[in-house]
A.B. asks: 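Attaching a single structure in structure tokens format; questions to follow.
First the proteins, then the strands, lettered A, B, ... as listed; each starts at 1. Computed over heavy atoms, backbone and side chain alike; hydrogens, waters and symmetry mates excluded.
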There are 2 protein chains.
Amino acid sequence: MAEDRDMPVIDLQDSGKRAALFERIRRDHSVEIAEDYVELIADLIETNGEARLVDLADLLGVSRPTVNNTIQRLQKEGYVESKPYRSIFLTDKGRAVAEHARQRHHMVLDFLHTIGVPADIAEADAEGLEHHLSEQTLDCLARATEALKKASGHGDNQS
Amino acid sequence: MAEDRDMPVIDLQDSGKRAALFERIRRDHSVEIAEDYVELIADLIETNGEARLVDLADLLGVSRPTVNNTIQRLQKEGYVESKPYRSIFLTDKGRAVAEHARQRHHMVLDFLHTIGVPADIAEADAEGLEHHLSEQTLDCLARATEALKKASGHGDNQS
DNA sequence: ATATAAATTTAGCCTATGCTAAGTTTGCGA
DNA sequence: TCGCAAACTTAGCATAGGCTAAATTTATAT
Ligand SMILES: [Mn+2]
Ligand SMILES: [Mn+2]
Ligand SMILES: [Mn+2]
Ligand SMILES: [Mn+2]
């Protein structure tokens with residue numbers, strides 16, 4: 001079982017196909033911030049009754065002007081609404097994105113916990129992984145999580 | 001088994017802890033391009049004997065000036081070396097990063113294949129996921145992949 | 001009611017990452 | 001060998017996403 005660990009994973013022959021993959025990643029990254037913001041905004045509204053800029057800045061670990069700037073972009077792009085000096089609301093589009101993001105976040109966390117990743121590390125990794133999963137992969141991941149839960153339910157094969 | 005699918009995943013109480021997670025993601029993203037570049041450069045050198053800017057641009061789906069620009073940054077950061085108008089070489093640091101990136105890439109692909117993700121989609125998702133996995137999660141992922149391979153070797157529980 | 005504190009916005013700056021158009025250098029075929 | 005095409009670089013531009021410092025607005029506490 002000597003693996004091909006040191007072989008190119010990448011098909012250098014068809015550069016068009018390879019380029020398309022990287023283009024998707026760049027697209028993923030451009031919506032990633034939108035997803036994290038609307039998810040946080042939804043959480044804040046549910047928990048505190050409103051989403052304030054200052055709380056977003058604290059949770060995201062960036063400055064208040066940075067959040068202000070991003071919120072204005074997200075407003076242009078139709079994810080949120082907010083009047084000057086007032087708190088932030090989600091549009092229907094924003095709510096839909098938040099809901100989807102939250103589901104994926106749950107699913108990734110559930111999987112990471114199931115394969116034995118410590119809670120802290122799972123939370124950290126999930127925050128990045130959640131934006132790079134296609135629908136098909138999410139399906140497969142859910143099935144794999146169930147299979148692993150069942151397996152570790154019966155026998156045990158830890159460390 | 002009604003899940004808490006619609007609960008905040010996020011602890012809004014400890015904003016410092018949450019902020020640290022997002023800070024890690026921003027850090028991950030800042031090395032992500034370096035990882036993809038050095039991995040591609042290593043592949044090109046092994047396959048073609050040299051890594052040329054034009055091939056990188058084609059494979060990445062970006063313009064030649066963009067690659068030129070990034071290569072200059074990667075040179076400043078000590079990942080690559082190249083003299084004007086000549087092809088691109090990896091430093092020891094670059095080779096180490098490439099090797100690590102390739103291992104993760106293999107591992108993520110292997111996992112995705114194992115849980116039944118179609119090859120095309122697996123390749124696409126792996127290109128993004130590979131940059132957001134901690135060492136601990138990689139370990140757990142490798143173990144889970146083995147467990148799933150063993151499981152589907154004996155019985156079968158597809159679709 | 002008003003002073004002060006908190007929150008938000010604006011202005012001005014930076015780097016990373018993308019682009020096109022135009023210039024330079026290299027390499028190859030006639 | 002030398003001229004042209006390919007490859008690379010430079011210049012100049014744009015946007016996203018960071019920052020600090022300084023205004024402005026809103027909210028609170030006496
Ligand atoms: Mn995230
Ligand atoms: Mn990401
Ligand atoms: Mn990648
Ligand atoms: Mn990524």
A.B. asks: Measure the distance from CG on Leu56(B) to C1' on dG18(C) and round it to the nearest whole Å.
C.D. replies: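 Rounding to the nearest Å, CG of Leu56(B) and C1' of dG18(C) are 16 Å apart.
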
A.B. asks: Side-chain heavy atoms nearer than 4.5 Å, only ILVMFWY residues, links allowed to pass through others: does that put Leu21(A) and Leu129(B) together?
C.D. replies: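 They do not share one cluster, since no chain of ILVMFWY contacts under 4.5 Å joins Leu21(A) to Leu129(B).
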
A.B. asks: Specify the separation, in whole Å, of atom CD1 of Ile71(B) and atom P of dA16(C).
C.D. replies: 15 Å

A.B. asks: For residues Phe89(B) and Val38(B): do they belong to one hydrophobic cluster (side chain heavy atoms under 4.5 Å, members Ile, Leu, Val, Met, Phe, Trp, Tyr)?
C.D. replies: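 Phe89(B) does not cluster with Val38(B).
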
A.B. asks: Can you figure out which of dC19(C), dC8(D), dT9(C) approaches the side chain of Ser63(B) most closely?
C.D. replies: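 Of the candidates, dC19(C) comes closest.
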
A.B. asks: With the side chain of Pro65(A) defined as its heavy atoms from C-beta on, choose the nearest nucleotide among dT8(C), dT10(C), dC8(D).
C.D. replies: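 Of the options given, the side chain of Pro65(A) lies nearest dT10(C).
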
A.B. asks: To the nearest Å, give me how far apart NZ (Lys76(B)) and C1' (dT15(C)) are.
C.D. replies: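 In whole Å, dT15(C) C1' and Lys76(B) NZ are 10 Å from each other.
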
A.B. asks: What's the closest nucleotide to the side chain of Thr66(B) if the choices are dT25(C), dC19(C), dT8(C)?
C.D. replies: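 So the nucleotide nearest the side chain must be dC19(C).
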
A.B. asks: Pick the closest DNA chain C nucleotide for Ala51(A) and for Tyr37(B) by heavy atoms, then say which residue is nearer the 5' end.
C.D. replies: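 With Ala51(A) and Tyr37(B) compared, the 5'-side residue is Ala51(A).
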
A.B. asks: Rounded to whole Å, please give me the gap between CD in Glu32(B) and P in dA16(C).
C.D. replies: 16 Å

A.B. asks: Could you check which of dA16(D), dG18(D), dT20(C) has an atom nearest any side-chain atom of Glu77(A)?
C.D. replies: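 Selected nucleotide: dA16(D).
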
A.B. asks: With DNA chain C as reference, determine whether Ser82(A) or Gly61(B) sits nearer its 5' end, using the nearest nucleotide of each.
C.D. replies: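 Result of the comparison: Ser82(A).
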
A.B. asks: How about Phe111(A) and Phe111(B): are their ring centres within less than 6.0 Å of each other?
C.D. replies: yes

A.B. asks: Think Arg52(A) has a side-chain N or O under 4.0 angstrom from the OP1 or OP2 of dA7(C)?
C.D. replies: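 True: Arg52(A) side-chain N/O within range (under 4.0 Å) of dA7(C) OP1/OP2.
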
A.B. asks: Do Ile33(B) and Arg73(B) come close enough that some side-chain heavy atom pair is under 4.5 Å?
C.D. replies: yes

A.B. asks: Could you tell me the separation between the CG atom of Asn68(A) and the C1' atom of dG17(D), rounded to a whole number of Å?
C.D. replies: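 From Asn68(A) CG to dG17(D) C1': 13 Å.
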
A.B. asks: Nearest to the Arg73(B) side chain among dT17(C), dT8(C), dA7(D), which nucleotide is it?
C.D. replies: dT17(C)

A.B. asks: What is the nucleic acid contact for Glu23(A), judged by heavy atoms within less than 4.0 Å: base, sugar-phosphate only, or nothing?
C.D. replies: nothing

A.B. asks: Would you indicate which nucleotide in dA7(D), dG18(C), dC19(D) comes nearest to any side-chain atom of Ile33(B)?
C.D. replies: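 Side chain of Ile33(B) sits closest to dG18(C).
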
A.B. asks: Take a 6.0 Å sphere around CD of Glu81(A) and say whether it holds more than 12 heavy atoms from other residues, nucleotides or ligands.
C.D. replies: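 No.
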
A.B. asks: Mind calculating the distance between CG (Leu60(A)) and P (dC19(D)) to the nearest angstrom?
C.D. replies: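 From Leu60(A) CG to dC19(D) P: 10 Å.
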
A.B. asks: May I have the distance from Arg27(B) (atom CZ) to dA16(C) (atom P), rounded to whole angstrom?
C.D. replies: 16 Å

A.B. asks: Under 4.0 Å between a side-chain N/O of Gln72(A) and OP1 or OP2 of dT10(C), yes or no?
C.D. replies: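 For dT10(C), OP1/OP2 do have a side-chain N/O of Gln72(A) under 4.0 Å.
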
A.B. asks: Nearest to the Arg86(A) side chain among dG18(C), dG18(D), dA27(D), which nucleotide is it?
C.D. replies: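 In terms of side-chain proximity for Arg86(A), the closest of dG18(C), dG18(D), dA27(D) is dA27(D).
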
A.B. asks: Can you tell me the distance, in whole Å, between the NZ atom of Lys83(B) and the C1' atom of dT26(C)?
C.D. replies: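 From Lys83(B) NZ to dT26(C) C1': 15 Å.
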
A.B. asks: Kindly point out which of dT9(C), dG18(D), dT25(C) is positioned nearest to the side chain of Tyr85(A)?
C.D. replies: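 In terms of side-chain proximity for Tyr85(A), the closest of dT9(C), dG18(D), dT25(C) is dT9(C).
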
A.B. asks: Looking only at the aromatic ring of each residue, does the gap between the centers of His132(A) and His29(A) stay below 6.0 angstrom?
C.D. replies: yes

A.B. asks: When you get a sec, tell me which of dA7(D), dG17(D), dG18(C) is the closest nucleotide to the side chain of Val62(B)?
C.D. replies: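 Minimum distance to the Val62(B) side chain belongs to dG18(C).
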
